[in-house]
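These notes are about the structure you will find just below.
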Number of protein chains: 2
Amino acid sequence: MNGKRLNPHISIDCVLFGFDFEKLHVLLIDRGRYHSDFLHESIQYALPGDLIYMVEDLDEGAMRILKDLTGLHNIFMEQFGAFGNPNRMNSEADQRWLRSIRSEPEERVVTIGYFSLVKMTDYVPVASSFAKSAVWVPVNEVTELAFDHNELLEKALGSLREHMQTRPIGFNLLPPKFTLGQLQKLYEAIHDREIDKRNFRRKIMKLGIVKELEEKQKGVAHKPARFFSFDKGRYEELLEEGFQNFKL
Amino acid sequence: MNGKRLNPHISIDCVLFGFDFEKLHVLLIDRGRYHSDFLHESIQYALPGDLIYMVEDLDEGAMRILKDLTGLHNIFMEQFGAFGNPNRMNSEADQRWLRSIRSEPEERVVTIGYFSLVKMTDYVPVASSFAKSAVWVPVNEVTELAFDHNELLEKALGSLREHMQTRPIGFNLLPPKFTLGQLQKLYEAIHDREIDKRNFRRKIMKLGIVKELEEKQKGVAHKPARFFSFDKGRYEELLEEGFQNFKL
DNA sequence: CCAAAAGTGTTGAAGTTACACCCATGC
DNA sequence: GCATGGGTGTAACTTCAACACTTTTGG
């Protein structure tokens, strides 16, 4: 029975994206606060990640890490690359941290990156969670991360953008009911550019992957918007027809 | 000095694509012919690959493998995924082969897949090369491969197709001078569908990433076609403008 | 009444598809 | 002279980009 032994050579790092109807966020682990008393540098963040188990598939490992961290499962995840620069963990601060959490801190580790899309409301980090201290940070406010994690984040973002062109995965970042304005903001946040409202709505409606609901917004200081939900059936129909153009 | 020690946990497998003006090919290693006397099954092929060195970046490793196998360097390569199913090497035949070539055949190995584009004329496998016995096989005639290599090949092909939509990497499969007919055949081979000749030519010419040469074909039993060459300067200009649509 | 986002059509330009015939060459 | 692939234009259709005003609500 070695199912639970760690494989000290291979890790998985997860880039969890979230959306608050304004900006695209990424979930980071604060590694400065509870280790390393003589880190007087400013707090440094890292992507959540872990070594894989000896007997565990990569996809499984990624889902385990996400589950352990957030309690969520059955979440959209996608591998976006492997990173194995032999010096990727060699900085002073990285080594110090590794010595505090790994039994073989010197070991070279190749990491596999996964990104996943999480409804931010489904996971609200608890301020004083004792095990990990996680926090949602707007992607465009991320500063220097541990290891090669800035590179991972860049790649993850690029991969997310590419994926969005061929599958409407963005819906994973929204609650079951959403307005077209919110959907548009999501696309704008991910692609970091403005989109024409009328053109956007026309395109989405033509695709037909969205169902109009009866319900409308309440308590907003403007004309209340209609809610929509993602039409999974219609989406799968489109896929079967070989359709795969969700460009906006 | 441990630069040359092998890392028994991580390997790289290379999917080398080639094009003979007719079909898309992939370079496979025949592992049945020189090991394993008691393999009376039919010959089985595998993708070329190797463990990485202890101190070696993944991209470096991929280039090393390609160089060792073909003598080629400075070749287009692109990572397309990591594969770590714990059972990926557990079949009878795979284990038998591993025992003959690895010092730790039981070790679990995660592999990183790279695909690369090679001018078939630049590498003609020698029939009796003693070290390896490699062979170009048309992609759509590939049968059962070792390990999870069929899966790798599928992924590589998908990744190649995707990449072709945003960068004109296909030129790496052609000689410096080529005809538009050959270029079209390349696109047809990779995407596995027919393309209208006139529309294809119009689109390519509009892009302007191809330069007309004076020279024409000779000795062909039909109207000789004009040669073209890839216009790298123009291509880089396009990239700077943010252009990235090479759909056909 | 003011601010804020919702909702709604038209037009011109660009891009895409489908389609058929003559040309130059080797054998 | 015939088989082979090279080379060429047009018309219908679809998609895309740009653009401005009225509506409904809360405060």
Side-chain angles (χ1 to χ4, degrees), chain A residues 19-23 164-166 168 174 177-189 191 193-229 238 241-248, chain B residues 19-23 164-166 168 174 177-189 191 193-229 238 241-248:
Chain A
F19 180 62
D20 64 352
F21 301 130
E22 280 299 326
K23 292 173 169 184
M164 297 266 302
Q165 316 259 325
T166 48
L174 292 172
K177 296 171 190 176
F178 50 86
T179 70
L180 293 184
Q182 291 168 341
L183 183 58
Q184 181 178 343
K185 276 233 171 90
L186 170 60
Y187 273 87
E188 290 179 332
H191 292 111
R193 68 183 168 94
E194 296 200 340
I195 300 174
D196 179 272
K197 202 201 317 186
R198 280 175 286 191
N199 293 339
F200 178 83
R201 293 163 101 94
R202 189 180 314 120
K203 194 147 186 178
I204 289 288
M205 294 320 276
K206 177 133 64 126
L207 284 177
I209 51 174
V210 111
K211 273 196 300 258
E212 195 171 327
L213 303 178
E214 286 310 311
E215 196 178 347
K216 291 189 181 179
Q217 281 183 318
K218 270 183 215 152
V220 289
H222 55 78
K223 180 170 173 178
R226 181 172 291 276
F227 281 117
F228 291 78
S229 69
L238 282 173
E241 290 168 25
F243 188 91
Q244 57 167 99
N245 184 0
F246 295 90
K247 288 240 178 94
L248 296 156
Chain B
F19 181 60
D20 64 354
F21 301 129
E22 280 300 326
K23 293 173 168 183
M164 297 266 301
Q165 316 259 326
T166 48
L174 292 172
K177 297 170 189 178
F178 50 85
T179 70
L180 294 184
Q182 291 168 341
L183 183 59
Q184 182 177 342
K185 277 234 171 88
L186 170 60
Y187 273 87
E188 290 178 333
H191 292 111
R193 69 183 167 92
E194 296 199 339
I195 301 175
D196 179 89
K197 203 203 313 187
R198 280 177 285 193
N199 294 339
F200 178 82
R201 294 164 101 94
R202 189 179 315 122
K203 195 147 186 178
I204 289 287
M205 295 319 279
K206 177 132 64 126
L207 283 179
I209 50 173
V210 111
K211 270 197 302 258
E212 195 170 328
L213 303 179
E214 286 310 312
E215 196 179 346
K216 289 189 182 180
Q217 279 182 319
K218 269 183 216 152
V220 289
H222 55 78
K223 178 170 174 180
R226 181 172 291 277
F227 281 117
F228 291 78
S229 69
L238 282 172
E241 291 168 22
F243 188 89
Q244 57 167 98
N245 183 1
F246 296 89
K247 288 239 176 95
L248 296 155

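Lettering follows sequence order; numbering is per chain, from 1.
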Does B:Arg201 have a side-chain nitrogen or oxygen under 4.0 Å from the phosphate oxygens OP1 or OP2 of D:dG7? yes
Can you measure A:Phe246 atom CZ to D:dC16 atom C1' for me and round it to whole angstrom units? 18 Å
Around atom CD of B:Glu241, are there more than 12 heavy atoms from other residues, nucleotides or ligands closer than 6.0 Å? yes
Output the rounded distance in Å from CG (B:Leu180) to C1' (D:dG5). 13 Å
Point-to-point distance, once rounded to the nearest 0.5 Å, from CG of A:Asp196 to CD of A:Gln184: 7.5 Å
Could you check how far CZ of A:Phe227 sits from C1' of C:dG7, rounded to whole Å? 16 Å
Please work out which of the three classes, parallel, tilted or perpendicular, describes the rings of B:His191 and B:Tyr187, given edges at 30° and 60°. parallel
Going through the checks in order, is the side-chain contact (heavy atoms from CB on, under 4.5 Å) test met by A:Thr179 and A:Phe227? CA-CA 5 Å; A:Thr179 70; A:Phe227 281 117; 3.9 Å; yes
Distance in angstrom units between A:Lys206 NZ and C:dG9 P, rounded: 16 Å
Grab the CG-C1' distance between A:Leu248 and D:dC16 for me, whole Å please. 12 Å
Rounded to the nearest angstrom, tell me the gap between atom CZ in B:Arg226 and atom C1' in C:dA24. 13 Å
Between A:Phe200 (CZ) and C:dA6 (P), how many Å, whole number? 11 Å
Is the distance from OP1 or OP2 of C:dT17 to the nearest side-chain N or O of B:Lys203 less than 4.0 Å? no
List the protein contact pattern of nucleotides 18-27 of chain D with one symbol per nucleotide (5' to 3'): B for base contact, S for sugar-phosphate-only contact, - for none; contact means a heavy-atom distance under 4.0 Å. BBB--BBBS-
For the pair made of CD in B:Gln184 and P in D:dG6, what is the distance, rounded to whole Å? 8 Å
Side chain to side chain, B:Phe246 and B:Ile209, heavy atoms closer than 4.5 Å: yes
Tell me, which pairs form a salt bridge (Lys or Arg N to Asp or Glu O under 4.0 Å) where one or both residues lie in residues 212-228 of chain A, sequence neighbours left out? A:Lys177-A:Glu215, A:Glu212-A:Arg226
